[in-house]
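Report on the structure given below.
Lettering follows sequence order; numbering is per chain, from 1.
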2 protein chains.
Amino acid sequence: MDNSPEGLLRSHGLSVTAQRLTVLQTITDYPHITADQAAEVARKKIGAISRQSVYDTLNTLVEKGLARRIQPMDSPALFEDRVGDNHHHLVCRSCGIVEDVDCSTGYRPCLQASDDNNFIIDEAEVTYWGLCPKCQPKSTKSQAKQTPTRKAKS
Amino acid sequence: MDNSPEGLLRSHGLSVTAQRLTVLQTITDYPHITADQAAEVARKKIGAISRQSVYDTLNTLVEKGLARRIQPMDSPALFEDRVGDNHHHLVCRSCGIVEDVDCSTGYRPCLQASDDNNFIIDEAEVTYWGLCPKCQPKSTKSQAKQTPTRKAKS
DNA sequence: ATCATTATTTGGACATAGTCCAAAATTGTG
DNA sequence: CACAATTTTGGACTATGTCCAAATAATGAT
Ligand SMILES: [Mn+2]
Ligand SMILES: [Mn+2]
Ligand SMILES: [Zn+2]
Ligand SMILES: [Zn+2]
């Protein structure tokens, strides 16, 4: 009924547990975190939590619409608590950092397919690939030798 | 030098092997195929091919720009030979079928991010999610009970 | 507060997709 | 044909995630 984390869980029919509260806090603190990274963080906060519980919690949060899962190529799934706005993502090919981008047309689905092939489209998922500021060649200055982890496509 | 499959491989510095020719033909015949499915098809054509060789060939083809890899959520990587046009994809949440969609603005990157966060963007990857014609509720008629394999997001 | 019921958590096994590696086979070259 | 370089093979291994049944914890009703 209130808007505390506890109330948020209860209002979605979920019982309140230390594990869920911790995972929920974790994806708020660290948007675009992997399940295993979230487990690490959660363990620092509450001492122990099973891997399965982290996965269960994340899956439940996604089901209930309290979290969103994205899955950039060559990355394990990433979780965030920013939901409902169908925002998009910028991914750095070199360091893998993920940044949010507002949906340019505001609402989901935000894009018309040039031909919808008679599909009923409910979502347009957009991933922008490129180089983040830190990973960009620094023109004249001595350039840090980056080993790209994700190669640009043809 | 010519435009046979053999010439295509040679012109990219690759030696010509039965395995490569077969995998190349396979992704032409079956766009959006998985590595394991491609292995199955290839085996029917030439009797035997190792799983590793299929993966190696597909990776090499992608590196050389002769194939493209896409990775819809909850799916293994899919390969196709349609390259260089940065086209997009429609994915059915129910049956998983993947269809091509032309890039609406013609050239890559085809979309401006609303804020590029100072990234240098080289590609905009778009995946449209929805229901294919076969998986859509058939209004009045008796409706096949579909068990969606991929749930719609909040 | 205590109990009973239900939901959650745990750890271990299992599944899938993919890579690493060294030996064997094949390809391209002279 | 023979040699060197490349590719293929099969088996082990890794990473990410799910399945399962037993143990534990949370909720609702006395
Ligand atoms: Mn985000
Ligand atoms: Mn395609
Ligand atoms: Zn970067
Ligand atoms: Zn379908």
Side-chain angles (χ1 to χ4, degrees), chain A residues 1 5-24 26 32-40 42-43 45-64 66-67 69-79 96 149-151, chain B residues 1 5-24 26 32-40 42-43 45-64 66-67 69-79 96 149-151:
Chain A
M1 303 306 189
E6 289 84 353
L8 191 64
L9 291 173
R10 289 221 171 79
S11 69
H12 285 81
L14 298 173
S15 38
V16 174
T17 68
Q19 289 87 343
R20 281 181 178 157
L21 289 172
T22 307
V23 170
L24 192 50
T26 299
H32 313 131
I33 195 173
T34 68
D36 279 342
Q37 291 168 341
E40 267 188 77
R43 272 183 204 116
K45 298 195 205 195
I46 56 168
I49 184 175
S50 71
R51 201 170 58 114
Q52 189 59 41
S53 187
V54 174
Y55 275 101
D56 281 351
T57 298
L58 290 170
N59 287 339
T60 301
L61 293 177
V62 170
E63 271 169 30
K64 297 293 186 183
L66 299 175
R69 172 194 287 116
I70 62 170
Q71 216 147 358
M73 183 167 303
D74 298 328
S75 163
L78 306 177
F79 298 86
T149 56
R150 301 146 192 245
K151 279 143 285 171
Chain B
M1 299 306 186
E6 290 83 354
L8 192 63
L9 291 173
R10 289 221 172 81
S11 70
H12 286 81
L14 299 172
S15 38
V16 174
T17 68
Q19 289 87 343
R20 281 179 179 159
L21 289 173
T22 307
V23 170
L24 192 51
T26 298
H32 312 133
I33 195 173
T34 68
D36 279 342
Q37 291 168 341
E40 266 188 77
R43 271 181 206 117
K45 298 195 207 199
I46 56 168
I49 183 174
S50 71
R51 201 170 57 114
Q52 188 57 44
S53 186
V54 174
Y55 275 102
D56 280 350
T57 297
L58 290 171
N59 287 340
T60 302
L61 293 177
V62 170
E63 271 170 31
K64 297 295 185 180
L66 299 175
R69 171 195 287 116
I70 63 169
Q71 215 146 1
M73 184 168 301
D74 299 327
S75 162
L78 306 177
F79 297 86
T149 56
R150 299 145 193 244
K151 279 143 285 174

Query raised in the report: If you round to the nearest 0.5 Å, how far is CG of A:L14 from CD of A:E6?
Result: 13.0 Å
Query raised in the report: What heavy-atom pair brings A:R43 and A:S50 nearest, and what distance separates the two atoms?
Result: NH2-C, 4.1 Å
Query raised in the report: Do A:I49 and A:T57 touch side chain to side chain, with heavy atoms closer than 4.5 Å?
Result: no
**Report entry** For atom CG of A:D74 and atom C1' of C:dT19, their distance in whole Å
**Finding:** 12 Å
Report task. Mind calculating the distance between CG (A:L61) and P (C:dT9) to the nearest angstrom? Result -> 10 Å
Report summary line: dist A:L78:CG -> A:I33:CD1 (nearest 0.5 Å) comes out at 9.5 Å
Pairwise N/O distances under 3.5 Å, protein to nucleotides 28-30 of chain C:
unit_1, atom_1, unit_2, atom_2, d
C:dG28, OP1, B:R10, NH2, 3.4
C:dG28, OP1, B:V16, N, 2.9

Report summary line: Sorted by chain and residue number, the side chain to side chain contact (heavy atoms under 4.5 Å, CB included) partners of A:D36 (sequence neighbours excluded) come out as A:T34, A:R51, A:Y55
Between the protein and nucleotides 16-18 of chain C, are there any N/O to N/O pairs under 3.5 Å, and if so, what are the atom names and distances?
unit_1, atom_1, unit_2, atom_2, d
C:dG18, OP1, B:A77, N, 3.1
C:dG18, OP2, B:Y55, OH, 3.0
C:dG18, N7, B:R51, NH1, 2.8
C:dG18, O6, B:R51, NH2, 3.1

Report task. Can you sort out the partners of A:Q52 under side chain to side chain donor-acceptor pair (under 3.5 Å), two or more places apart, ordered by chain and number? Result -> A:D56
**Report entry** chain B footprint on DNA chain D, 5' to 3' - any atom under 4.0 Å from a heavy atom
**Finding:** D:dT6 to D:dA12
Query raised in the report: Is the shortest heavy-atom distance from the side chain of B:M73 to the side chain of A:R69 under 4.5 Å?
Result: yes
Query raised in the report: Tell me: CG of A:D56 to P of C:dG12, nearest whole Å?
Result: 17 Å
Query raised in the report: How far does the helix from C:dA1-D:dT30 to C:dG30-D:dC1 bend, going by the axes of its first and last five pairs, to the nearest 10°?
Result: 30°
Requested in this report: Report yes if at least one side-chain N or O of A:Q19 is closer than 4.0 Å to OP1 or OP2 of C:dT10; otherwise report no.
Outcome: yes
Query - A:R10 and A:S15, any side-chain heavy atoms less than 4.5 Å apart - result: no
Query raised in the report: Between atom CZ of A:F79 and atom OG1 of A:T26, what is the distance when rounded to the nearest 0.5 Å?
Result: 12.5 Å
Query raised in the report: A:L24 and A:L8: side-chain contact (heavy atoms from CB on, under 4.5 Å), yes or no, with the steps?
Result: CA-CA 10 Å; A:L24 192 50; A:L8 191 64; 4.2 Å; yes
